[in-house]
Structure formats: structure tokens, C-alpha cells
Amino acid sequence: MAARELPESVSAEAEAPARSPLGLAWARLRRKKLAMAAMTVLAVLYLSGIFAPVISGVLGKDYSDQNLPKAQHGPDGENWFGTDILGRDIFIRVIWGIQTTVIITLATTLTGSLVLGVSLGLMAGYFRGKTDTAIMRLGEVVSSFPDILLIILIAATLRPRIVEAVRDFEDATFFSGLVSTGLVDFIVIGIALLPLTWFGTMRLVRGQVLAIRDAQFVESARATGVSTARMLARHIFPNVVSPLIVTISFGLGAIALSEVVLSFFGLGVQVGRPSLGRMIGETIGRTGSSGPSVLQNHPEQLIAPIAVVFLMIFCWNLLGDALNDVLNPRTR
Amino acid sequence: MLTYSLRRLMWTPVLLVFVSFFVFLLGTYGPGDPVEIRLGNNYTPELAERLRDRLGLNDPFPVQYGRFLGRALRGDLGESLTFRGRDVITLIGPKLLTSAQLNVAGAIVAFGFGTPLGFYAAKRQGTWIDPSLVVGALVIFALPVFLTGPLAILVFAVNLDWVPVSGWGGLFDYRVVLPALTTGLPGIAVFVRLMRASTLDVLGQEYIQMARSKGLRASVVNYRHVARNALLPIITILGFTIAGLFGGSLITELIFGIPGIGRLALDSVFSRDYPVITALTLLGAVSLVVANLVIDIIYTLIDPRIRLR
């Protein structure tokens, strides 16, 4: 394997001798067709989610527009993915559903994985001793819960409290309508997914830091009197970046799935906003819904939301694999 | 080895106390007043206050937690709020057994298909078989259960009519096949990847070269030297399979109408039945912690090279 890839990396280095390690990795990644395809698909999905309001504006359709005479209609020129039981356009709803997932995955990854995970991992690995023990033990407690149940429990217990708090805030200030924007739901789901994200990143970063903290370059930096903050940021952190990128790529897929599962059970974002999980849940007829399941008569309504979920998980994992190949050649 | 096991054993109860504290905290400060729910239409402030006193809900938080812990240790996790007068333990017990069977069946599927495929992929490294198996595993991994479940029902139950659409008869009933396949499918991918990596690792070892150079037959090297050593690290994953016992098959249970933990967990979340939710979370955490402990110890016993400190 290594022998076969050698010419590639040699030529990459020959082309641009002064490239940074990440630049080199990027050059190697660009040669992987599958990974580039995955990135393209993810870019299309994420961009269409982010620009959902624009797309709905251009098409002149909203996710809550009902067209009852044309309910449960198959795909045609007007409704590209067909319409649901209330005659709402499935394409628009899927796009908005993607937005929900995108917001939650990005917010959770940023706060949980990047901020919490990286800083705690750096601290645990660099200071060792009591700091390390405390952080690791806390992580052990959190990770000893079955994740889906913990997420459900947190989402169910936290939501009313946060709604209450935000309502009080609305009453006390001039802000209004915060609850109805769904902001609260995003906060709740974000917090509920946190325990899932920070520990893995933390352990990874900690391990990396432990492996290099006694290296000579760290020692010489310390000898020149570098401050702790600068040491962590400039000397230690850059050595953690490569494995971190790989974990985050895998993590984004996993969090997206968790969000979908949560809203599948009706515990996700609750205001009228569409979400992929709920679209699937309502079609399959999960617990709580009554009447004959839409699944039996109109399974085609499931295709679009499920395809999006599949593509998200598949592409993030594919990309993670490729990133692992180009960033951590030793572990192959 | 002994000190490691002892340290793990001593840490486990402490870990479980933390876990129970966290669960109790969430349950206590969760929304909905259990007294209000219990009294229903008979609610009056005086009556509520009396009941609260009797149930000890006016006691300080540490006292309440101590009582919760004491009862939990004796196997008393309280009474369900929705199913009046039903012990949480007797409510959960049979459903837990059902979910456990489903998960064992799923684990058998995942392990039974995953490890041979992973081994095969590693042996065929450098040919087209290896990358296509790896990508195939990724595809399987990304297929959500809410696609494979209904699809399996549609094809095998509705169109081919081989099995009934739903129903449950335990681990040794033929109706277990579809749910087991659905639960185990993503696991197959996990085992393929792990077994492939582990086999590649072993194949690079010097003792494999040694075994080959002394003229052992390929089949002997493959099975006695490679496969058996490659399987060792896979065992650690079985602990996580236990984790799925409480959460992983939630969706499968809903789709196939299996009377397991999944339905109960969801119903109790929606009806704010906190004793049931806390009991489920607590039991889930306890079994996960204990399973991981047991597997760690077994692992060090069967692989003498491992010396954990």
C-alpha cells in the first residue's frame, strides 16, 4: 500500500516543495475521486440547507404552504419530489429539514467537539495529574450512559425548563417571539447532543498531547520561556490538527444521524419547522400517530428525506476515511 | 494485572454513584409534578402538601438522593406514574429480556457476517475486492434503520410473504430473522472495518512470516495464526454491543412492533413517567459499565501480552 502511494506523494512534493503539511494532504486528497465526489455532495446538501430561505423565495413556495387538492401527489414539474399528506411540497420541506440538521450538527460540533473537546483534551494531556483525572472521570461518567436514552432524557427534561427561562426573558425584556422561532429547540437539542461529542474528541486530543509533550521541540520551547497558553496554541495544538480533522468528519455524520433519530421520535425541533427525522417518522407512522400509515400507500414520499440522510452519513464517513489516509499515513 | 483489576473494581461503584446522582438530578428537576399527576382531578393544595410530605418530596435534596440510592440498591426503583401501582422493576424486566434477545440476535448477525468479510477483505488487499468491500461496508453503515426496516417488511413480509409483518416469539422463533438483520446491519460494517484493520495488523507481524517460512500450510497460518490473533481486539467491541441493549434497537422495535424497552422508553418520555425513565437510564448505565469491566478483565486474561496498569 505504502509503496503504491509513494510516487504520488513524491510528485506532490516535487510540484510544490514549500507546501505546508495540510497543503500536501489537500493535494493528495484531490487525487481521490471518491472523496472529492463525497465533498461535492456534502457541499450541495449543506449549501442548499443554508440557503433554504433563498431557494423557497425563488420558487415562491414555503414549507408550510398547503395545497389540499393536490395532497399525496407524485413528483411532477411543479413539485419535484411530490407532495405530502397535506399537499405540502416535499422538496422544499427536505431543504428546510436539511437546514435544521445543518444548524444542529455545526453548532454541536463547534461547541462540543472543537471548543470543549479540544480545550479539555489539551489541558488533560498537558497538565496531567489531577486535572487529567478529573476530566477523564467526568468523561467516563457521561460515556457510561446509553447515548440515545441519555439524549432523550436530557431533551425531555431540559426543554420545558429552557422554554420557561426564555419566556421569562421575553416577559422581562422587549424581545418577543423567541420561543416561536424554534431557537429554544435548537438550544435543547444542541445541549442534549453535547455529551456525545466532547468526550471522543477530548480523549483523542489528550492522547496526542501525551505522546508529544515530552518531545524535544516542546522541551526547547519551554526552555526559551514560552508561556503555557502560547505553548498549547502554537506548539502543541498544530500537532493535533490532523487526527482532529478526521474525527470531526466522522463525527459530523454521527451527529447528523442522532439529530434525525431524535426528531424521528418526535423529540427534535418541535415548532412547525420541517426536519428530516420527523418527515420520516410521520410517514412510517411512529408511536403516537394514528390512522393507517402513509408508508403502505405512498412509500415514494420517503425517498427524498431518506436519501438525504443516507448521503450525509455515507459521504462524511467516506470523506473521513480518505482524510485518514492522507493525513495520518502511519496508521494505515 | 491484579492491581489493575482491583482498581477497576474499586472505581466501578464510585462511577455508578456518580451515574445514579446524575440520573436522579435529571429526574428530580425534570418538568411535571409527580404529585399533581398522581392526584389528577382530586388535586387540592392541602392534599398535595400531605402527599408530598408522605412521599418525602419536601425533604432536602441530599436526603432524597440518599433514600433513592438506598432503595435502588435493594432493587426498588419506585413505582410507575402511568401504570399505577406497578413496580418499575416488574414493568421493565420482561421488556428488558425481549430487547436483550433482539440485541443478541443483532450482534450475532453483525459478528457472523462482519468478521469473515473483514478477514477476507484484508487477505485480498491490493485487489479490487478490498476497496469494494470497504466502500460496501460504508454504504451498509449509512443505511438508516428506518429505511432497511420498512424495506425488509415490504419485500419479505408483504411481497414474498415469507414471514409475518410483525410479531415476536423470542430468540428461537423464526420471526426474529428480519428484526435481527435490521438491527445487525450497521454492525456488520463496524465489524468488517475492525476485523480488516486488525487482520492487516497481524499480517504484518514477524511471527506470521515465521509461520509461513517454516512451511506451514496456508490454511493453518490463516486460521490458527492470523484469524485467531486478529479476533482478539474485536472482543472489546462486544461491550458496546451491550450498550445497544438499551438504545440501539429502539427504532427496530418500533418498526417491527416488538414489545421491548424502546416503546416503553418513548411512552414514558411522552407521559413524563420519570421513575421509569430514570430506572431505564440507570439500568442501561450499570449494565454498560459492568459489561465493559468484565470485558476488560476477560481481555487481559485471554491475551497475556496485554498488561494494563
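If you're wondering where the values come from, they're calculated on a predicted model, not measured in any experiment. Convention: sequence-line order gives letters A, B, ...; per-chain numbering from 1.
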Candidate pair A/D321 and B/R193, rule side chain to side chain contact (heavy atoms under 4.5 Å, CB included), full reasoning: CA-CA 11 Å; A/D321 265 1; B/R193 293 169 67 92; 2.7 Å; yes
Residue part contacting chain A, namely of B/V134, when any heavy atom lies under 4.5 Å: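 Contact with chain A involves the side chain of B/V134 alone.
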Between A/E140 and B/W11, does a side chain to side chain contact (heavy atoms under 4.5 Å, CB included) hold up when you go through it step by step? CA-CA 11 Å; A/E140 254 180 75; B/W11 163 243; 2.6 Å; yes
Just so I understand: if I count every heavy-atom pair under 4.5 Å between each of A/L311, A/V261, A/N317, A/V142 and chain B, which residue has the most?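 Between A/L311, A/V261, A/N317, A/V142, the count favours A/N317.
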Just checking A/F314: does its CZ atom have more than 12 heavy atoms from other residues, nucleotides or ligands closer to it than 6.0 angstrom? yes
Taking atom CZ of B/F18 as the centre, does the number of heavy atoms from other residues, nucleotides or ligands within less than 6.0 Å exceed 12?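 At most 12 heavy atoms, drawn from other residues, nucleotides or ligands, come within 6.0 Å of this atom.
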Are A/I306 and B/P144 packed together at the side-chain level, in the sense that at least one heavy-atom pair is separated by less than 4.5 angstrom? yes
May I ask you to test the B/F21-A/V141 pair for a side-chain heavy-atom distance under 4.5 Å?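 They are not in side-chain contact.
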Per-residue contact mode, A/L138 against chain B (heavy atom under 4.5 angstrom): neither
Between A/F264 and B/V145, does the side chain to side chain contact (heavy atoms under 4.5 Å, CB included) criterion hold? Intermediate values first, please. CA-CA 11 Å; A/F264 175 85; B/V145 173; over 6 Å; no
Between CD1 of A/I313 and CG of B/L138, what distance do you get to the nearest 0.5 Å?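 One gets 11.0 Å once the value is rounded to the nearest 0.5 Å.
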